[in-house]
Amino acid sequence: MTDSRVWKLPESAPSPVELADVWTKVVTNAIALVGQTAQGAPSVPSVYDPATIVQDFASFAGGMWMNPLAMLQASQSAASEWMQLWSHSASRLAGGEAEPLHVPARGDRRFGDPAWSEQPVFDYLKQAYLLAARQAAELVEKAPGLDDATRTRVAFFTQAYLDALSPANFAMTNPEAIRRAIETGSVSLLSGLANMLADAATDAKLVRRRAGGDGFVLGETIAATPGSVIFQNELMQLTQYAPTTETVFKRPLLYIPPLVNKYYLLDLQPRSSLIRWLVEQGHSVFVVSWVNPGADLADMGLGDYLRLGPVAALDAIEKTTGERQIDLFGFCMGGTLAGIAAALLAAKGEGGRIASLTTIGSMFDFRDMRQWSTFSGPKQLAAMERHLEAKGYMAAHDLQTLFSVVRANDLIWPSVVSHYLLDREAPASDILHWFADGANIPRSFLLDWSRKVLNENALTQGGVLEVEGARIDLGAVETPLMCISLKDDHVSAWEATYDGARLFGGPVRFLLGGSGHNAGVINPPSANKHGYWTSDALPEGAQAWFEGAERREGSWWPEWQAWLVRDGGARVPARDPGKGIEPAPGSYVRMGS
């Protein structure tokens with residue numbers, strides 16, 4: 001491994017042919033960009049009201065200037081910390097050794113190169129950035145005169161700005177980029193410039209660029225669990241997976257995925273597939289695969305998705321297996337849909353059709369949306385409505401951009417560094433492939449969801465939300481519920497999912513897994529990582545639950561499996577789906593991929 005403290009010159013300069021080739025790429029891509037700019041990009045309505053940002057930061061600045069004492073105290077505290085950092089850095093430059101004053105947060109991979117710690121100059125850049133970022137965040141957190149919604153929006157955009165300013169994102173302050181430029185005779189930077197111009201000319205999305213050419217093929221290396229599509233309608237295909245055991249549990253198991261991404265997060269590579277694992281445990285697994293809608297399905301609303309999704313799937317499963325009762329589970333928005341479906345059936349006197357309900361990373365109480373509340377205010381909803389009325393649906397790439405901004409240090413800036421500073425392809429990632437393979441959401445559904453479920457928080461008010469002529473009351477759902485959440489979830493804060501679980505009327509068991517929203521779900525027992533917390537109690541507050549919970553090692557999958565068959569798990573001969581309509585993973589999942 002190259003010593004990070006030694007900057008090695010290349011053994012030979014780049015050949016004239018190599019330089020000519022890379023310059024040709026730069027010029028060709030620059031010409032393409034100029035041509036694309038001259039033609040003009042199509043006008044796309046904004047999905048966010050930019051005036052809100054200006055107003056929020058004006059309120060923030062006004063509040064600070066109206067409180068000069070707070071400004072003075074913040075300035076004095078900041079000056080003291082900077083003096084400490086300068087003294088520490090001067091000592092290091094003089095050859096001294098000292099523990100750093102400011103270190104990256106756990107999981108922050110931007111400063112992994114050894115030079116960030118071993119070389120005093122880069123160590124100072126790192127610590128100075130971390131100090132400035134923390135001080136800016138604290139200033140927003142403590143700013144007087146801001147309501148919670150405004151403070152959340154100011155904090156979100158401040159953090160986005162700070163993420164962009166990281167010294168790891170710039171060629172002259174990233175030690176790895178400098179080292180690679182020296183080693184390649186600057187060819188890496190020229191090639192990175194060509195990459196950037198090419199992306200700008202084609203409006204390529206960085207996450208798609210990272211995922212491109214990764215070798216994953218649907219039905220072969222990913223989403224490859226054998227099965228057949230046994231039913232379909234205009235909104236979904238229903239897949240039944242082939243058994244691997246001679247007998248299976250009597251009750252079928254149905255999975256409802258979110259609309260935002262395709263179902264196969266739970267069926268990535270075989271070694272990490274939850275669907276394959278459930279089949280191997282002896283379950284008859286059925287999975288909904290949503291259509292990737294266009295403008296022709298713009299009028300499909302929440303009621304349509306429930307009627308043609310979970311409810312239609314229940315009917316198809318009963319027709320196929322003869323079983324009236326099923327175990328139902330869903331992930332993220334899919335779990336919320338599963339919960340609403342359970343309440344819909346309860347309101348119609350059919351609640352007994354669902355023997356158990358499991359939600360994974362799913363919210364029902366939307367009071368605490370954290371940074372996501374930045375995009376759910378009245379002005380943002382109005383901007384989104386204008387966009388949806390013009391187009392008929394929210395495009396997958398718009399949703400991917402939103403998620404990428406929220407997780408910029410994972411989904412944007414590593415790609416910038418890899419492709420534009422280092423001219424390297426990122427390693428193949430099955431989760432990234434799935435994330436890049438997004439899906440659209442119809443106008444009517446998204447408006448129903450945004451207005452009623454998010455903004456009105458109607459699921460916390462029994463009977464306020466009306467769907468398919470029925471009043472939705474989660475308290476009327478007496479089905480046993482297993483609520484699984486993830487401790488580091490950036491989409492559905494686990495404390496918020498805990499509050500939502502307490503809205504249900506039946507017996508509730510809460511389980512908290514380790515890791516985040518996606519990685520925490522893909523946690524096969526063979527990996528033996530992340531761990532989880534359990535408790536039989538369900539106190540009023542999430543923190544009270546956590547203080548009384550027991551930490552366990554490994555994956556939560558076996559714990560959930562034991563809960564699913566807690567009544568003994570009657571078994572029947574294995575159910576073969578046959579050829580069906582077409583082999584899994586079906587044609588709907590391939591739409592737009």
Side-chain angles (χ1 to χ4, degrees), residues 29 33 41 44 46-48 50 53 104-113 116 125-126 129-130 132-133 136-137 153-174 176-177 180 188-189 191-214 260-261 265 370-372 374-375 394-438 488-491 516-519:
N29 293 341
L33 175 59
V44 179
S46 172
V47 296
Y48 191 87
I53 306 174
R106 183 174 64 89
D108 188 343
R109 295 172 289 184
R110 294 174 293 177
F111 304 103
D113 191 282
W116 288 113
L125 283 173
K126 174 190 69 177
Y129 166 76
L130 293 173
R153 291 192 295 268
V154 172
F156 176 85
F157 286 107
T158 298
Q159 189 59 54
Y161 179 68
L162 293 169
D163 290 343
L165 288 182
S166 167
N169 298 337
F170 298 92
M172 298 304 295
T173 53
N174 184 317
E176 187 178 7
R180 181 155 170 77
S188 60
L189 292 179
S191 295
L193 175 60
N195 293 339
M196 183 175 68
L197 292 170
D199 286 352
T202 59
D203 194 29
K205 299 296 181 288
L206 273 171
V207 69
R208 287 192 176 276
R209 177 184 244 280
R210 287 188 65 193
D214 55 20
V260 178
N261 288 98
L265 174 66
R370 302 195 180 178
Q371 73 265 43
W372 294 99
T374 302
F375 306 97
M394 182 69 75
H397 64 77
D398 290 328
L399 294 165
Q400 288 167 349
T401 298
L402 175 62
F403 278 89
S404 296
V405 169
V406 173
R407 293 297 300 273
N409 286 333
D410 293 323
L411 298 173
I412 295 179
W413 298 116
S415 298
V416 168
V417 173
S418 294
H419 296 298
Y420 302 158
L421 304 188
L422 304 176
D423 185 33
R424 286 176 177 163
E425 293 296 327
S429 166
D430 51 4
I431 288 184
L432 186 61
H433 180 101
W434 163 81
F435 178 77
D437 187 15
D488 299 324
D489 196 327
H490 69 286
V491 176
H517 189 69
N518 298 326

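At most 12 non-hydrogen atoms from other residues, nucleotides or ligands lie less than 6.0 angstrom from OH of Tyr161.
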- Are Asp488 and Arg106 close enough, and set up right, to give a side chain to side chain contact (heavy atoms under 4.5 Å, CB included), and what steps lead you there? CA-CA 11 Å; Asp488 299 324; Arg106 183 174 64 89; 3.7 Å; yes
- Query: Given the rule in the side chain to side chain contact (heavy atoms under 4.5 Å, CB included) test, do Arg109 and Asn409 qualify, once you have shown the distances and angles that lead to the verdict?
  - Reply: CA-CA 8 Å; Arg109 295 172 289 184; Asn409 286 333; over 6 Å; no
- Step by step, work out the side chain to side chain contact (heavy atoms under 4.5 Å, CB included) result for Phe435 and Ser429. CA-CA 10 Å; Phe435 178 77; Ser429 166; over 6 Å; no
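Considering every non-hydrogen atom in both Pro414 and Ala408, the closest pair reads CD-O, 3.7 Å. Considering every non-hydrogen atom in both Phe156 and Val405, the closest pair reads CZ-CG1, 3.6 Å. Nearest heavy-atom pair, Tyr129 versus Pro167, reported as atom, atom and distance to 0.1 Å: CG-CD, 3.5 Å.
One finds the CH2 atom of Trp413 at 10.0 Å from the OH atom of Tyr420 (value rounded to the nearest 0.5 Å). To the nearest 0.5 angstrom, Asp437 atom CG is 8.0 Å from Asn261 atom CG. The OG atom of Ser415 sits 11.5 Å away from atom CG of Asn195, with the distance rounded to the nearest 0.5 Å. With rounding to the nearest 0.5 Å, the separation of CD in Glu176 from OG in Ser418 is 8.0 Å. One distance of note links CG of Asp163 with CD of Gln159; it measures 4.5 Å at 0.5 Å rounding. Taking CD1 of Ile412 as the reference point, atom CZ of Phe403 lies at 13.0 Å (rounded to 0.5 Å).
For Asp489, the side-chain hydrogen bond (donor to acceptor under 3.5 Å, both in side chains) partners at least two apart in sequence or on another chain are His517. Residues meeting the side-chain contact (heavy atoms from CB on, under 4.5 Å) test with Ala155, sequence neighbours left out: Val140. Residues passing the side-chain contact (heavy atoms from CB on, under 4.5 Å) test with Leu130 are His102, Pro104, Phe111, Lys126, sequence neighbours excluded. In this structure, the side-chain contact (heavy atoms from CB on, under 4.5 Å) partners of Ala171, at least two apart in sequence or on a different chain, are Leu189, Leu421. With sequence neighbours excluded, the residues satisfying side-chain hydrogen bond (donor to acceptor under 3.5 Å, both in side chains) with Ser188 are Thr184. Applying the side-chain hydrogen bond (donor to acceptor under 3.5 Å, both in side chains) rule to Asn169 yields no partners; only residues at least two apart in sequence or on another chain are considered. Residues satisfying the side-chain hydrogen bond (donor to acceptor under 3.5 Å, both in side chains) criterion with Asn518, sequence neighbours excluded, are absent altogether. The salt bridge (charged side-chain N to carboxylate O under 4.0 Å, His left out) check on Arg110 picks up Asp108, with sequence neighbours excluded. When the side-chain contact (heavy atoms from CB on, under 4.5 Å) test is applied to Leu402, the partners found at least two apart in sequence or on another chain are Trp372, Phe375. Every residue meeting the salt bridge (charged side-chain N to carboxylate O under 4.0 Å, His left out) condition with Arg370, not counting sequence neighbours, appears here in chain and number order: Asp368, Glu495.
Without hydrogens or angle criteria, Asn174 side chain to Ala168 main chain gives a donor-acceptor distance under 3.5 Å. The closest donor-acceptor contact from the side chain of His419 to the backbone of Gly192 lies at 3.5 Å or more, if one exists at all.
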